Structure formats: structure tokens, C-alpha cells
Amino acid sequence: MYLLLTLIIFSRLLNSKTPGEGEGRSEMWWRSASFIMDRQQQQNQGDSSNPNISAYYETRAAHHGVVTSDWLAQAQAAIGPEPQPQPQLSPDPDKPFSVIDQFNSWRKQPHLAEAVAAIRALAAVIRSSQATTMMQLEIELKKASDSLKSWDTSSISLTAGCDLFMRYVTRTSALEYEDFNSAKSRLIERAEKFGEISYKARKVIAMLSQDFIFDGCTILVHGFSRVVFEVLKLAAQNNKLFRVFCTEGRPDRTGLRLSNELAKLDVPVKLLIDSAVAYTMDEVDMVFVGADGVVESGGIINMMGTYQIALVAHSMNKPVYVAAESYKFARLYPLDQKDLAPALRPIDFGVPIPSKVEVERSARDYTPPQYLTLLFTDLGVLTPSVVSDELIQLYL
Amino acid sequence: MDAPRVSRAIGDPKIRRVGFFASDSSATDSLMIPSPRHRSIPVPPTHPSGDRHVASGSYDPTEYPKLATGIEKRGEEEEEKEVLQSSLKPLKAKTTKAERRALQEAQRAAKAASKDEGSKAVAESGRGTPGKSTKQSSQKKGGPSCVSPVATDKNAGNRPLDKDRKMDAPSPRMQFDDKSRLEKARRCAVVNPTESRNKVELFQHLPQYEYGTQLPNLESKFFQIGSVHPAVFEVGLRYSAGDISGGNARCIAMLRAFQDAIRDYCTPHEKVLVRDLASKISSYVSFFTECRPLSMSMGNAIRFVKSRIVNLTLNHSEFEAKTTLCSDIDRFINEKIILADKVIVRHAFTKVKDGDVLLTYGLSCVVEMILLYAYEQGKKFRVVVVDSRPRLEGQALLRRLVAKGLSCTYTHINAVSYIMHEVTRVLLGASAVLSNGTVYSRVGTSCVAMVAHAFHVPVLICCEAYKFHERVQLDSICSNELGDPDAIARVPGRMDVSYLSNWASEDNLRLLNLMYDATPSDYVSVIVTDYGMLPPTSVPVIVREYGREHLLM
């Protein structure tokens, strides 16, 4: 089972990056893939050489198969010692149940959102729980939710997903009138359906967005958002003629990945370096971005550079559309950029950086609501001011 | 998600009662005051409603023997019929054919009664001038706007009392440049009015500053005015003298006085407790209004008290009713003011970081709590206190902060643009937050918020949710409060500076001392309330979703 999963991951890396490489390179890639999982295991145990690196962006880098020189250096270092065999994904009977292990196993699926992985992990908590009353189950869920959130405090959708599920557990009054077993199975069923909700949310958002994409338009895209990709894919399938400008997206190079996917759909793509946004903004008709989180002020938290693009688009009167699922709504109210907890990631400049030079390594920024035009969510097309209304009705 | 649906489902049976009530009223020729219905919510009493309550108090000839004339009684009944007629119009679509015919008969009877005397309804906007034709045309112009508040109330699922609808329909606020209505209100006033001198032209529609000069009169009349409870009288005196200021302090003092009055209350013979107590509270409110115009927080609290009185069932004994009312008022003070302040402090504390420079304007008790709490929690920050004449309220805040050991900078409002470049956060209090996100606060707040907005400094408005109001206000002129103009002429501590001491005798000179201003929502970054941190665009959600809870708690 583990070997099969390793081969799947390895073949994805191989197909996306080096389709024609020889056997020697294949051996190196296999070890590199296992090195990623080794590092994640170390992070789980708390002994990590990079404690400030956000696990969220580690996983996204693994999904996208991004190759950096840091990554290559670590891969080279991993060749020396033989990696130990990986533990099985399903927990051993002797080993105590760990919600974080469950979350990590779900999170490795590239098409699964983090919030959905969190809710699946909480469903596993319910399934393996020995509680006999609703109150005990809620307490166990609360502990699991808190440990998940504290494990990666930089992930907003993880926190929002946990809060959403806990809200569902505590708010559904119908559960109080059922017996315990049927309530428990209802919760598990609800958690399982959440993945479908997430997948349908992307479909709903893609359909809602079609009215805003017209023939002959030019769309600027920043970051690799699965929802934004779904929007563009559906527009291409509907035989709409449009161009896409992808930012390069350093240091993750998400734009390269997105341009590759769009080229497969025969969509005309132009790749921009990140500093070319203002230069090309007069050709752009609209900006599409995803969101790591949608906060209570109506603004969004997204990949670094989103705020800059929104400022340029706002000053040149181009609309900025945000495609985000509603479970990414979070009860945060940032007042400025420094108000967020930092989510750091390694940055590769290609040359060694002198030790006296300080590097800004934050991975995301906050875009205030006055620079956003509309949010496409599965609740409908919303103005930024409605986000707070939805959060009030959900949580208060 | 479940709570709003349940509340909407409950709202449906109320519409059924509307038709039933209409058929009841048409059955009797003489207009009797309907019995209070469940979950009726009165509109917030403003100055004209207070005066009208005093007018309705004149039905009792033993209390006001001089004022109880037949003409006034007939006038009051006529007004009630007119309001009933106008309030029945929105119900046409919901009634059956037979009820519709009954409504028409009632309207015909009301019209016949109104032919005896001239119409006394006043247009909502614009100044009233002598002449019937002008009044009639302005009345027609104000007609649809009079009906729409009732329709809005119906859409919300809440149904105001008949008396409150009578207050609501003619005009929300009395225009103080309407001479005939002003004279009528003054005849019913408890204290002797004095003529204002040298009114400012643009603000003649506001209640003119008189209450400061009423203090000697009120003191001498303590043993003569028997209709006002001594606790209420004391609080009114302190309002006039300025001893109690600030929305929360005034609201708490008023509610405590109401509690004392309720405890000492005895139901008169042949009277119903619910009705008589409500009229007593209304007379107290009108007394407070004469001492100083009400604030929004007081208006919401009065609305709460009246809704609790109306909800008392007739089966309760007098002692049980009084105990219930006092505990309800205690709960309101604890939950909506004291606990709300604690929650606001917790929320705002998360935005204070080490190295911050916090600017505040004037004196706000919740902002003071936030600063002291953040200091006690070990945050390292500095405070800039901005102040302005003539009240200089920031000095009291400065003394308290310095006594606690905080590092402070004190400046006046003319230097706010100079000091704003080193400020990282602005914390402001508010007297009220209106539906469109406008913040109604001490005069000068808008100036500070605009300067902070120009410097891209976040502005945090700290306001309790019970100060939210569903009114919309676009400027500071339609509704405001005038202060003592002599305070502008005086410079405290400098008796030799008295160049304006004879300003009243100059015909070309007017001194204007405004108390409040309105800050547009564009300059507000976040409103910190006991329901969390909101953008200004979400104030209507709080008013809509929790205004009902607020009244029905």
C-alpha cells in the first residue's frame, strides 16, 4: 500500500517534470519524494530544522512538484543515508490514534482542500471515539480541533474548516433529540459529504463566474487556485475565447504550473514575471484570484503579491474578482499587513545570500475589501461587505 | 442558521391579528385605547413624543386641574383618530371585503370628526409657516413618508402600539421652529420655559439650549413638583448641571432612577398597573428631556423598559410585576452595558501590540478600559490624548492614565494632523452607530477619523451594541444637540480673557456650541462591539438580527 502510494507520487513528479529521463534520474526522484515525507514526519515529532516554515506551503509545493535549488540540495543530502521504511498510513493497533496523522494522510491528495482534509480527520475522530454521550464526543472533537489548529497556526482554511465543523456539531439542535448512535452516524455522514460539498462548490463557483467572462476578454491570474482553474476550464469548455495572463509566482512558480495546465486546454496563455503586472494591466480586462482565507472585513488573505495586483488594478479601474469557497470564511479582522500571523516559506534567489542581508519570507498578504470587486462563492456572487453578514449569521 | 428562520415563522401570526384588531376597532363608535398586545415594540421616544405623553397625561383632572380643558381633550381624541386612520391604510391589502367596508366606515367617521377642527398634523420636513393652504400641501407631501415607517415596521414583523404609532406617523422629531406646536408643548411642560436668545439660523430646528439655565428653577421647585419621583428629579438635576455625562453613565443613572421609582410605585385606585406605569415612565422621560435631550443609548433603554412594562401580564400581582421589572432592568444594565464593555475590551485588546501608539479623542469610558487593560497585561504602548474646547474632556482621561503609569502625550485637535504620522491606531468611542454605518459621537470625532484615514491609520470605533440605531443620518445638522454658548465665550482659568462676555447683546454675533458630529462610514476601519468586530456595512445585520433579541430578552 505504501509502496503503491509512493509510486503514484513519484510518477506524478516524473510525468510533470522529466518525462524522458533515464533510470538514474528516476532513482534520485524516488529518494527525493521520500525525503519530503521524512521531513514531514520530523515536523510531526516537533524536531524540525525549519520550525518557522509553514507546513501548508510545504504540502502545496509537494503537490505542484516545484523544484528549487534548496529542494535539490536537500534531495542530494538525502541520497547519502538510506531512508527508513515509512509507517503505514492506517494507524497501527498499538499506536494511539492521532488526528494529525489522519489530517496529513488526507492532505496529501492534491485535489482535496485543506478544510476538507481537516473535516475528514475530525470525522475519523468521531469514528474511532469511545464516547457514549454527545457531551463527551463534543469534548473529544474540541480537543482534536484545537490540536489540529495549533499544529499549523498559519493555515486559515484549516482553522476555518475546524471552526465550521465544530459550529455544525454544536449548533444543530436536531442532534439533541436523537439517540447517540444515530447522531454520531449523522455527524460522520455530514463530514463525508463535506468533500462533495467542496467539489460542488467549485462547480457552482465556476458556473457563477461564466457570466463575467466574455469572448475576447483578457484575464490576469495570480497563484494556482483550484477554484480559479475550474472557472477557466469551464469557460474553455464552453468555447469562450479569452486570453490568460499568468504571473510567474516566485518563489513557488505557481504561474508556470498554471500556464502548463491551461496550455493543455488550448487556452492562449502569456506568462509574466511578477514585476510586469503594472506594465500589462492596460491589456487586462479583469483579475481573477483565489483566496487562502476570506476574513470578516471582506478582504482576502492570499498568496504574496495579491495586494499589489489589486492596488494596480484598482488604480487602473480593472475589476478584481475573488473565487473562494464559503468554508474559507474566517473570523479574523486584520487591520494591516502586520496584523496577521506570519506564514514563512523558503525563498530561493539562485545565488547565496550574504548573512547580513535580511529576507522577507512571508508567503501571503492581506488585500483590503475596498480593492476587491466581487467574491464568487458557493453562496452566490457577493460583495465584500456581505462576508461579515454571513459570518454573523453563521457564528453568532 | 436556524434562529432567523424560527423568528420569521413566529412573525406570521402577528399579521393575522392585524385584521382582527381592525374589526374590533370598527365595532365601537367611541375610540377606546386598545389593550396592549403581546410583543408590541414601541418606537424610541424622542422629544416630541415625550411632550405628547405629558399631553396625554392631562386626561387625569386630579393631577392637572388647570390644563384639563374640554378643548384639549377633544383635540387629543381627534389626533388619535387621525393617526388611527393613517395607520389603517397599510392594512388594506390584508383584510377581507367585510373588514375593508368596516375600515371605510371608520375612516369616514374619523374624517367627519376632523371636519370640526383644523388639521394639526405637521409636515415631517421643512419649516411650518402660518397659513392653512401651506400646511395642507406640506401635509400631503409628507404623507407617503409618514406611511413608510409603519410599513417598514410591518416588514420587520414587529407591531408598534397604537400610541406609539400615533407618535410615529406625524413626524419623527418635533421641529423647534414650528411656533404653534412649540407653544403647545410648552404649556404642558413641567418647568417654566425661558425664551432663547440669539438662535443660530441653521440650527433653529434643534431644541435650543435652555436646560442649563433651568437649574435654579428646578432646585427651588423640588418640593412643588409632585409628579416626578425624587430619584428621577435628582438625576434630572445632575443632567442639567453636567455632573453625569457620557452615554453609558447617563443611561445607567436613568435606569437606576426608574428602578427606584418602580419600587416606590403604588397603583392608584381604579387604574391598571401596566397603563399607569407606562404613562408615569413617559412623564419621567419628558422630564429628563427637559433637563437635557436624550441620547441614543437612553432612547434604546427606554424602549426596552416600555416593552417590558407592556409584556407584563395582568395576572401578575403588583409586587411580582415590580420585582420582575427591576430584575429586567438590572439584567439590561449588566448584559448590555457592563458585560458588553468587558467583551469589547477583550476584542480591542487583540489589536494592541507592543510598540503601538494609540490615539484617542475626548473621554470614552470603554476606550479608557481598553487602555488600562492593555497596560495591565504588560503591553508596551504610548497614548496620545487629543482634546478640544470647550469641554476639555480629555484632561480627565489624561489624569487617570498618568495616575496608572501610562506614557501619554496630550494635544489639542488643531494639532492632530501634526501628531498623526506617529500614530499606529486610533481608538474612539461613540454615542450611537446608525444603520448606514455613520458614527454619531462627540464633536471632533469626525475630524480625527478623517485625518487618520488620510494617514492610512486604522480607526477602531468601540461601541456597545445597544447603542446601535436603525435610523439613517447623513450629516450633523438634521439631528444634534446644542450646548451652552457661554461656554465658548469663557476660557477656563483665564478670567481676564473675556472679550465675548457681552456677546448676547450683539445682533450680528451668534455663538454655536454643537455637541455631536457624524462620521461617515468610509473613515471607519472597524466597529468593535460585544458581537465581535464588524465592518461598518454590517451594522444593519446586528440591528436586524439582535434588535429583536435585545427587546425580547
Side-chain angles (χ1 to χ4, degrees), chain A residues 153 163-177 190 197 294-300 307 311 314 326-327 329-342 366-372 374-375 378-379 382-396, chain B residues 1-8 343-344 347-356 358 423-427 435-437 452-453 455-461 465 468 521-550:
Chain A
T153 55
D163 287 344
L164 192 68
F165 190 69
M166 294 305 298
R167 191 58 189 167
Y168 175 78
V169 170
T170 57
R171 185 153 185 169
T172 307
S173 57
L175 293 176
E176 298 169 10
Y177 302 105
R190 175 76 182 194
I197 293 171
V294 183
V295 296
E296 199 162 6
S297 62
I300 62 169
Y307 179 37
L311 278 174
H314 183 76
S326 62
Y327 57 78
F329 288 14
R331 294 213 70 202
L332 296 169
Y333 206 114
L335 293 176
D336 47 25
Q337 303 301 319
K338 308 303 183 293
D339 219 353
L340 292 170
Y366 163 66
T367 306
Q370 61 260 32
Y371 304 116
L372 306 175
L374 290 173
L375 288 94
D378 47 309
L379 304 176
L382 310 175
T383 57
S385 58
V386 180
V387 174
S388 178
D389 303 358
E390 296 291 334
L391 281 162
I392 288 168
Q393 297 189 16
L394 179 62
Y395 283 104
L396 287 181
Chain B
M1 300 288 189
D2 299 329
R5 292 174 191 169
V6 172
S7 62
R8 281 181 208 137
V343 174
I344 288 169
H347 279 116
F349 169 72
T350 60
K351 295 305 178 188
V352 179
K353 295 186 169 46
D354 284 338
D356 265 353
L358 307 175
V423 172
T424 57
R425 300 270 190 273
V426 174
L427 294 170
S435 260
N436 56 341
H453 182 78
F455 280 78
H456 296 286
V457 178
V459 176
L460 287 80
I461 302 290
F468 284 16
S521 61
D522 304 324
Y523 306 111
V524 175
S525 305
V526 59
I527 298 177
V528 190
T529 73
D530 36 317
Y531 291 103
M533 291 195 274
L534 314 173
T537 51
S538 290
V539 174
V541 176
I542 295 291
V543 170
R544 181 177 70 242
E545 300 289 334
Y546 299 101
R548 224 172 294 121
E549 169 210 313
H550 162 98

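Bear in mind the structure is a predicted one, so any value in this text is a computation, not a measurement. Below, chain A is the first sequence line, B the second, and so on; all start at residue 1.
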S.K.: Nearest 0.5 Å, please: how far is CD1 in B:Ile542 from CG in A:Asp389?
M.R.: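 Reported value, rounded in 0.5 Å steps: 9.0 Å.
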S.K.: B:Lys353 and A:Asp339: side-chain contact (heavy atoms from CB on, under 4.5 Å), yes or no, with the steps?
M.R.: CA-CA 9 Å; B:Lys353 295 186 169 46; A:Asp339 219 353; 2.9 Å; yes
S.K.: State the CG-OH distance between B:Leu460 and A:Tyr333, to the nearest 0.5 angstrom.
M.R.: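 Here the interatomic distance stands at 8.5 Å.
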S.K.: Tell me, do A:Glu296 and B:Val526 make a side-chain contact under 4.5 Å, heavy atoms counted?
M.R.: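 No, too far: nothing below the 4.5 Å cut-off.
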S.K.: Is the shortest heavy-atom distance from the side chain of A:Ile392 to the side chain of B:Ser538 under 4.5 Å?
M.R.: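 Yes, side chains in contact.
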S.K.: Would you call B:Arg425 and A:Asp336 a salt bridge, using N to O less than 4.0 angstrom?
M.R.: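 Judged by the 4.0 Å cut-off on N to carboxylate O distance, B:Arg425 and A:Asp336 do form a salt bridge.
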S.K.: Non-hydrogen atoms of chain B under 4.5 Å away: do they reach the side chain of A:Pro334, the backbone, both or neither?
M.R.: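 Looking at A:Pro334, just its backbone touches chain B.
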